[in-house]
*Asks:* 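Sharing a structure here in structure tokens format.
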Protein chains: 2
Amino acid sequence: MNLKQLSHMLALSQTTVSRALNGYPEVNEETRRRVVDAAKRHGYRPNPSARRLATGKTGMIGYVLPTGTTVDIDPHFVEFLSGLGDYARSHELDLVLSPADADDQETTYRRIVANRQVDAVYISSPRPADRRVALVNTLGIPFIVHGRSEGFDFHYPFTDIDNEGAFHEAARLLVQLGHRRLALINGDDRETFAIHRERGVRRALAASGLVLGDQHVCSLTMTEENGYRAARRLLEQSDAPTAIACSSLIMALGVVRAVRDLGLTIPGDLSLIAHDDVFPWLKPENFSVPLSTTRSSIRLAGARIAERLAARISGLEEGARGEVWPVDLVVRGSVAGAPA
Amino acid sequence: MNLKQLSHMLALSQTTVSRALNGYPEVNEETRRRVVDAAKRHGYRPNPSARRLATGKTGMIGYVLPTGTTVDIDPHFVEFLSGLGDYARSHELDLVLSPADADDQETTYRRIVANRQVDAVYISSPRPADRRVALVNTLGIPFIVHGRSEGFDFHYPFTDIDNEGAFHEAARLLVQLGHRRLALINGDDRETFAIHRERGVRRALAASGLVLGDQHVCSLTMTEENGYRAARRLLEQSDAPTAIACSSLIMALGVVRAVRDLGLTIPGDLSLIAHDDVFPWLKPENFSVPLSTTRSSIRLAGARIAERLAARISGLEEGARGEVWPVDLVVRGSVAGAPA
DNA sequence: AGAGTCTTCCAAAGCGCTTTGGTGATTTTG
DNA sequence: CAAAATCACCAAAGCGCTTTGGAAGACTCT
């Protein structure tokens, strides 16, 4: 059932039927009802290929997926996707993932924009002066950055959490508890979020005249194994930290294992706070010692970004507003006063 | 730069240029070279919207993503995606995720087929007599099932791992080590993979005249917390098992925690084997006691399914061949002889 | 030399929608 | 009451590609 058949059936022109269906004003309400009714009854759905050829609108949002045999997709992605999908579903938006060589994503961005394959894109895990952000900005396609880049001479729309504030609060708490030697097990410090977290820790320490020594900060991709390695390295030092802030729950698993292997205890010998993106399958309260966390649902972020993308596509949102969400500090059993 | 301009520039018809570019035979090789060359030089790329309107081909594969505020996307998905993306990238295929209400995916399948939004789809986590498989089969769109359904009067193409064989081997090993009371901590037993795994364990036990008691099998979604709960329930019974086969590494985390909470040890009091889908961020050899596993890379499966989908789209693959991959049994420190 | 066969190219007709630029009929306005 | 404005609709022109149905010229064959 296509437009031609439907309009013929109604003894109306394609123009009128199209307009009736798309809510244009220049059509009699009575006629519109007839049309809408007939469309529903016959299960008419405009062919999206035809529509996009005519309008250029696709009803899809895009994401360039970095791939490669040695490239791992961030496990957070799936939670983000849950949120994104949840919103997208109720707005008939689809998501197209365009796999790209992790080392050359630009080609793919250019392609999807040139081909008008999607109405908008989002960018995640940005780095300072991220080329993708600059590119997408000049290409002129609507976009939202999940996280923040830095060092541009232009503004851009983003949704981020207050990573610096979160880790500042976490570190401040630890300092208040008497800890003097803090360590940070961070994610990849080429990414902005990691830089912000480190900055937050440093700022909290500085407020008490303390510093975060180079030997007390690790920056690694967020795996259990790396958490373990980092913790061992830190705890086997002569000036081992008495408290650790950790960028991920997955790494925290490794930290806990290392602590156990070394015959230490949490929180007796070591206080631990980790960032929790809220996974349904791994909860901080279920760690052998319930884990204190800085918590922010990445799923909510996904939903919000879908919402903003939809708003930008339909012209409801403009400008380059950045939003920064506060992060909860949830204190559980894994923190205590510094050992004597 | 569109076809019209390019053909005008070459003083050829659109027909000829189109055919030259698409490799049709009825064009002089010399002319083809000229065309291809000019196209490259001017960066001409056919508009996909136009092409799909004309041909119906989209260059995209589809996946219906079950969503909902209470629905969690399987964390395995991201690894699967890595593999899929890895293949898709090198073949200029995109993946479109169509979010659907988890309770009504059929509408979405019908939509993407009716709208010809994708050239093929894949289905994951199938259940016995899965309606999605039946639907997609009658709708006539090329598809591959990742996993298996059962109980149809038709055949369909799938790629699955030998879940039954894997758990059969695991259980057989445990029995050989003298274990008489085995337990199974399984995933959602409405899904085929879980049914097959249980069947494998039962078969191995039966071979030695043993049975898997109802009180010794748990079926839960695969979270750390559920692993913990299941393990506690099992181990606090009067006839607690001396060995557990577990369907996921994430659940195994919970099992290990429960064992520790109860003051037991692995493998002294309990032998443990889990299924490993091969995550980069959580490795069985890094468990406090290295974990024995049945191992099969879900990432490889993703790549294979992309390959088969591509083959079906281009007509290279036909029929309803199902492939079943063998699973490795990797023995590490978490298994030992049954306690006296 | 004329008929048949390739080879190589083209004009034009779709694909199914949106949108431009109208046209009569009806209502409002000065 | 004529002119202007509004309403409700339509025919046809795209959007940019593929594909059908030739057609002109070169070649082979008898």
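Just so it is clear: chains get the letters A, B, ... in the order the sequence lines come, proteins before strands, and each one is counted from 1.
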*Asks:* Establish, from distance only, whether the side-chain atoms of B:Tyr156 and B:Ser149 form a donor-acceptor pair under 3.5 Å.
*Replies:* no
*Asks:* With a cut-off of less than 4.0 Å, is there a side-chain N or O of A:Tyr44 near OP1 or OP2 of C:dC17?
*Replies:* yes
*Asks:* Below 6.0 angstrom between ring centroids: does that apply to A:His146 and A:Phe158?
*Replies:*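 Distance test on ring centres: not under 6.0 Å, no.
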*Asks:* Can we say A:Arg52 and A:Asp119 salt-bridge, meaning some charged N sits less than 4.0 Å from an Asp/Glu carboxylate O?
*Replies:* no
*Asks:* Output yes when A:Arg111 and B:Asp94 qualify as a salt bridge under the 4.0 Å nitrogen-oxygen rule, no when they do not.
*Replies:*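 Yes, charged N to carboxylate O under 4.0 Å.
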*Asks:* Please report the distance, rounded to the nearest Å, between CZ in A:Arg34 and C1' in D:dA8.
*Replies:*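 Rounded to whole Å, this separation is 12 Å.
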*Asks:* How close or far is atom P of D:dC17 from atom CG of B:Leu21, stated in whole angstroms?
*Replies:* 10 Å
*Asks:* Going through the distances and angles, do A:Arg304 and A:Thr159 end up as a side chain to side chain donor-acceptor pair (under 3.5 Å)?
*Replies:* CA-CA 8 Å; A:Arg304 174 58 181 153; A:Thr159 293; 4.8 Å; no
*Asks:* Whole-Å distance between D:dC15 C1' and A:Lys57 NZ?
*Replies:*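 Nearest whole value for this atom pair: 15 Å.
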*Asks:* Spell out protein contact along nucleotides 6-14 of chain C as letters: B when the base is contacted, S when just the sugar-phosphate is, - when no protein heavy atom is under 4.0 Å; keep the 5' to 3' order.
*Replies:* --BBBBB-B
*Asks:* Strictly below 4.0 Å: does A:Ser18 bring a side-chain N or O up to OP1 or OP2 of C:dT18?
*Replies:*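 Affirmative; the distance criterion is met.
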*Asks:* B:Thr55 or A:Thr55: which one's nearest nucleotide on DNA chain C is closer to the 5' end?
*Replies:*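 Result of the comparison: B:Thr55.
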*Asks:* Below 4.0 angstrom from OP1 or OP2 of D:dA8, is there any side-chain N or O of A:Tyr24?
*Replies:*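 For D:dA8, neither OP1 nor OP2 has a side-chain N or O of A:Tyr24 closer than 4.0 Å.
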*Asks:* Which nucleotide wins on minimum distance to the side chain of A:Leu53, given the candidates C:dG16, D:dC17, C:dC17?
*Replies:* C:dG16
*Asks:* Rounding to an integer number of Å, can you tell me how far A:Asn47 CG sits from C:dC15 P?
*Replies:*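 In whole Å, C:dC15 P and A:Asn47 CG are 11 Å from each other.
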*Asks:* Tell me the interatomic distance from B:Asn115, atom CG, to C:dC17, atom P, rounded to whole angstroms.
*Replies:*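 Computing the B:Asn115:CG to C:dC17:P distance gives 10 Å.
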*Asks:* Is any side-chain N or O of B:Asn2 closer than 4.0 Å to OP1 or OP2 of D:dC15?
*Replies:*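 No, no such contact exists.
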*Asks:* Below 6.0 angstrom between ring centroids: does that apply to B:Phe143 and B:Tyr109?
*Replies:*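 No: the rings miss the under 6.0 Å criterion.
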*Asks:* Under the salt bridge (charged side-chain N to carboxylate O under 4.0 Å, His left out) test against A:Asp37, which residue among A:Arg41, A:Arg33, A:Lys40 passes?
*Replies:* A:Arg41
